[in-house]
2 protein chains.
Amino acid sequence: MSPRAALLPKLGEVFRTYGYEGASLTLITAATGLGKGSLYHLFPGGKAQMAKEVLAEIDQWFEREVFAPLRDREDAKAGIAHMFKATDDYFRSGRRVCLVGVFALGAARDEFADAVQGYFDRWREALAGALRRAGHPRAEAMELSEDILAGIQGALVLARAADDPKLFSRSLTRLKRRAASR
Amino acid sequence: MSPRAALLPKLGEVFRTYGYEGASLTLITAATGLGKGSLYHLFPGGKAQMAKEVLAEIDQWFEREVFAPLRDREDAKAGIAHMFKATDDYFRSGRRVCLVGVFALGAARDEFADAVQGYFDRWREALAGALRRAGHPRAEAMELSEDILAGIQGALVLARAADDPKLFSRSLTRLKRRAASR
DNA sequence: GTCTATATAGGGATAGAC
DNA sequence: GTCTATCCCTATATAGAC
């Protein structure tokens, strides 16, 4: 494992918790145990490069654990079930927010527009395809995929607002049910 | 209208756009046309006080335009319809994100926990009551109120991520339909 | 009540020793 | 590859003239 690969999850947690603007190099050095010199040696582009690589790593994780199963599994329903499980794991059952969502809402969205847009877009598209293959009519699969993604993001917002992870679990359960309703 | 009251909406837009950490006094002076001296004269508590008062003003607006109608309208369905209309207006049909949601996701949540928690909580409670009176069974009204709030917040995230306000309008239409389905 | 000037701290980023 | 020291800029906040 390259030193950089070991670093990305720690960087991710800082950006996730404090947002792009709030993630100061001081916080980053504390979280990683590396001095600024080392950080700039590894990421000459500074904070922007760190964020880009974190986003890319998240994208890869979802591509492997979520999007690909949705697209490729013979059994579409199993792919969808796998998505819900992976989503619950990734967001720690509501104790963790979505870094891409945090970036999407803030001013950083524009600087990282491609990554932000691509993440949700490919998720939605893969999900819509699976729903379609699981028996939902085309138009309904499109709508439902939007509802499910929005439901997940919204539940993360509400769970963090209320400081109540269970809210996320409850929402996820109902979304699962809607996905299966056919 | 007090000078302070005229200021709050402008402050709100800065916090909404840049988040609490990202909303620098330089951006705030640009948006308000006031120098730092004037700002500290009006808000001795600095940024934190500005944010608190902005949150309070938003809370008042929703209390008047959304929560009260949900609670008090004789015709519960009319109250719900009014909520959707006011919500669409407030978020400019998806071109504006939710400041409380932005705060909820970030590190500022803890400093403004009461305002953030109260906003969603009272919204959800008022909506659940109206759904109940509109004919939804108690348990279902509770769940549906959570789904609708999460749907709204999530749609705002996705609409901004995709830079496509229509996504918000579509979602809102479907949420309206679910609220009416009984 | 508004401004300019200033104080002090922390921001991101770089240089160079080791 | 990591650190410390340092640069320059912007941050929040204050003081005091007008």
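Order of the sequence lines fixes the chain letters, A, B, ..., with proteins taken first and strands second; residue numbering starts at 1 for each chain.
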S.K.: Atom CG of A/Leu42 to atom C1' of C/dG12: distance rounded to whole Å?
M.R.: 17 Å

S.K.: So which heavy atom on B/Leu144 is nearest to which on B/Ala179, and how close?
M.R.: CD2-CA, 4.1 Å

S.K.: Counting primed atoms plus P, OP1 and OP2 as sugar-phosphate and everything else as base, spell out the protein contacts along nucleotides 10-17 of chain D at 4.0 Å heavy-atom distance: B, S or - for each nucleotide, 5' to 3'.
M.R.: -SBBB---

S.K.: Contacts to DNA chain D from residues 105-115 of chain B, heavy-atom cutoff under 4.0 Å, which residues?
M.R.: none

S.K.: Tell me, which pairs form a ring pair (Phe, Tyr, Trp, His ring centres under 6.0 Å) where one or both residues lie in residues 72-91 of chain A, sequence neighbours left out?
M.R.: A/Trp61-A/Tyr90, A/Phe62-A/Tyr90

S.K.: Using a heavy-atom cut-off of 4.0 Å across all strands, would you classify B/Gly33 as base, sugar-phosphate, or nothing?
M.R.: sugar-phosphate

S.K.: Would you mind writing out the side-chain donor-acceptor pairs for residues 99-110 of chain A within the sub-3.5 Å range, not counting sequence neighbours?
M.R.:
residue  : atom : partner  : partner atom : Å
A/Arg109 : NH1  : B/Arg160 : O            : 3.1
A/Arg109 : NH1  : B/Ala161 : O            : 2.7

S.K.: Roughly how many Å is it from CG in B/Leu7 to P in C/dG1, rounded to a whole number?
M.R.: 13 Å

S.K.: Please report, rounded to the nearest Å, how far the P atom of C/dG12 is from the CG atom of A/Leu39.
M.R.: 11 Å

S.K.: Less than 6.0 angstrom from the centroid, inside 45 degrees of the normal: does A/Arg4 satisfy that with respect to the ring of A/Phe43?
M.R.: yes

S.K.: Examine distances only and state if a side-chain atom of A/Ser145 and a backbone atom of A/Met142 form a donor-acceptor pair shorter than 3.5 Å.
M.R.: yes

S.K.: Can you give the donor-acceptor pairs under 3.5 Å from side chains of residues 26-33 of chain A to other protein atoms, not counting sequence neighbours?
M.R.:
residue : atom : partner : partner atom : Å
A/Thr29 : OG1  : A/Leu25 : O            : 3.2
A/Thr29 : OG1  : A/Thr26 : O            : 2.7
A/Thr32 : OG1  : A/Ile28 : O            : 2.7
A/Thr32 : OG1  : A/Leu34 : N            : 3.2

S.K.: Who are the side chain to side chain contact (heavy atoms under 4.5 Å, CB included) partners of A/Ala56, not counting sequence neighbours?
M.R.: none

S.K.: Counting only heavy atoms not in B/Glu111, do more than 12 sit closer than 6.0 Å to its CD atom?
M.R.: yes

